[in-house]
Student: 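I'd like to ask you about the structure that follows.
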Amino acid sequence: MMRHILVLGGTRFFGKRLVERLLEDKDCEVTIVTRGETADSFGNRVRRVHVNRRDQVALADAVGDREWDVVYDNICFSPNDAAAACAIFNGKAKRYILTSSLSVYDFSDRMITEEDFDAAAYPLQYGEAEDFSYKEGKRLAEAVLIQRASFPVAAVRIPIVLGTDDYTRRLHFHIEHIRGGEPIAIDPQPQMSFIRSDEATDFLYWLGGSNITGPVNACSNGALQMGELLSHD
């Protein structure tokens, strides 16, 4: 049976990889929501909805009354975005997967589990992405969707994503500074989890076919101490 998949944010980094992975599945019909500012290589294999996700009226009109087996949301950064999704996809989404972040957690000297941030009990407030820090915007986006959505929601808490297609160049920044003998500010003691862009893609694809709801952490095996990372040749 054909599955109808909607991807919000599918033209860059692991969002682009996710669309490619879904297209490998001949039972998936894929639609992407994009502003049309970033070119993609999907050709006529996908249906495109050109709209600014933050324009709630335009997004609702673009989505229409169609029902979706899975909605992947890679570009939800505020409680207002999440509240709009709750309204727009009410009765239209069988499953909703929010790409969240490890940033929702406070720093800890032990391994973090999903219970360390309870989105289901987090006090709600509303606003746009610029009204909050990235951390708080993601916390509130999770909280709104998990507490208010009428459809099943999974929130994937992803750490720093690494890959040759990383347009943010976060790792490149540190490598280039070290090579150039330029100073960088890093505490060598904490441990950090990472995930490769292809692993993030595989996890999101797998999660779309599961019945898991609520928050779930995703990372590569193991963790690296910052001092250990800097000591590698």
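The figures that follow rest on heavy atoms only: side chains count, while hydrogens, waters and symmetry mates do not.
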Student: Can you see which heavy atom on G208 is nearest to which on Y72, and at what distance?
Tutor: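 Result for this residue pair: CA-OH, 3.3 Å.
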Student: Donor-acceptor pair, E199 side chain versus R196 backbone, under 3.5 Å?
Tutor: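 Checked: pair present.
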Student: Just by distance, no angles: are the side chains of S210 and R95 close enough, under 3.5 Å, to form a donor-acceptor pair?
Tutor: yes
Student: Do E20 and R45 sit within salt-bridge range, that is, some charged N less than 4.0 Å from a carboxylate O?
Tutor: yes
Student: State, to 0.1 Å, how close A154 and I212 come at their nearest heavy-atom pair, and which atoms those are.
Tutor: CB-O, 3.6 Å
Student: So does E128 get a backbone contact from the side chain of D131, meaning a donor-acceptor N/O pair under 3.5 Å?
Tutor: yes
Student: Can you confirm whether K94 is buried at NZ, in the sense that more than 12 heavy atoms of other residues, nucleotides or ligands lie under 6.0 Å from that atom?
Tutor: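 12 or below, so no.
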Student: At what distance, to the nearest 0.5 angstrom, does CZ of R53 lie from CD1 of I75?
Tutor: 5.5 Å
Student: Can you name the closest pair of heavy atoms from S150 and G91 and give their distance?
Tutor: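 Distance-wise, the nearest heavy atoms are OG-N, 4.2 Å.
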Student: First locate atom CG of L207, then atom CG of D202, and finally report the distance between them rounded to the nearest 0.5 Å.
Tutor: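 L207 CG to D202 CG: 12.5 Å, rounded to 0.5 Å.
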Student: Heavy atoms, side chains only, cut-off 4.5 Å: are I158 and F203 in contact?
Tutor: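 With C-beta onward as the side chain, the pair stays apart.
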Student: Test V46 against L23 for side chain to side chain contact (heavy atoms under 4.5 Å, CB included), laying out the working first.
Tutor: CA-CA 8 Å; V46 302; L23 290 172; 3.8 Å; yes
Student: Keeping Q147 on the side-chain end and Y122 on the backbone end, is there a donor-acceptor pair under 3.5 Å?
Tutor: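 Between the backbone of Y122 and the side chain of Q147 there is a qualifying donor-acceptor contact (under 3.5 Å).
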Student: Could you go through W68 and T31, starting from their C-alpha distance and side-chain angles, then the distance that decides it, and tell me whether this counts as side chain to side chain contact (heavy atoms under 4.5 Å, CB included)?
Tutor: CA-CA 10 Å; W68 307 95; T31 299; 3.7 Å; yes
Student: Do R139 and D106 meet the salt-bridge criterion of a basic N to acidic O distance under 4.0 Å?
Tutor: yes
Student: Could you tell me which non-hydrogen atom of K92 sits nearest to which non-hydrogen atom of G64, and how far apart they are?
Tutor: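 Nearest pair, atom of K92 first, then G64: NZ-O, 2.7 Å.
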Student: Quick one: CD1 on I32 to CG on L22, what's the gap to the nearest 0.5 Å?
Tutor: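 So the gap between those two atoms works out to 11.5 Å.
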Student: Any chain of hydrophobic side-chain contacts (each under 4.5 Å) joining W206 to L204?
Tutor: yes
Student: Which pair of non-hydrogen atoms, one from T113 and one from Y105, has the smallest distance, and what is that distance?
Tutor: O-CE2, 3.3 Å
Student: With rounding to the nearest 0.5 Å, note down the distance linking CZ in F117 to NZ in K138.
Tutor: 12.0 Å
Student: Report, as yes or no, whether the 6.0 Å neighbourhood of atom CG on N211 holds more than 12 heavy atoms from other residues, nucleotides or ligands.
Tutor: no
Student: How many angstroms lie between atom CG of D118 and atom CD of E142, to the nearest 0.5 angstrom?
Tutor: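 The CG atom of D118 sits 10.0 Å away from the CD atom of E142.
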Student: Could you check whether any side-chain N or O of R157 sits under 3.5 Å from a backbone N or O of E114, counting only pairs where one atom can act as donor and the other as acceptor?
Tutor: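 Yes.
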Student: V144 and side-chain contact (heavy atoms from CB on, under 4.5 Å): which single residue from C86, C76, S78 fits?
Tutor: C86
Student: Going by side-chain contact (heavy atoms from CB on, under 4.5 Å), V156 matches just one of T99, I97, N217. Which one?
Tutor: I97
Student: Evaluate H4 against L6 for side chain to side chain contact (heavy atoms under 4.5 Å, CB included), listing each step before the verdict.
Tutor: CA-CA 7 Å; H4 302 292; L6 181 67; over 6 Å; no
Student: Tell me whether the rings of F89 and F151 are parallel (<30°), tilted (30 to 60°) or perpendicular (>60°).
Tutor: perpendicular
Student: Minimum heavy-atom separation for D69 to M2, with atom names?
Tutor: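 Scanning both residues completely, I find the closest heavy atoms to be OD2-O, 4.0 Å.
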Student: Check whether any side-chain N or O of N80 sits under 3.5 Å from a backbone N or O of Y126 as a donor-acceptor pair, and report yes or no.
Tutor: no
Student: Take R17 and S197, measure what side chain to side chain donor-acceptor pair (under 3.5 Å) needs, and give me the verdict at the end.
Tutor: CA-CA 8 Å; R17 283 180 176 259; S197 55; 3.1 Å; yes
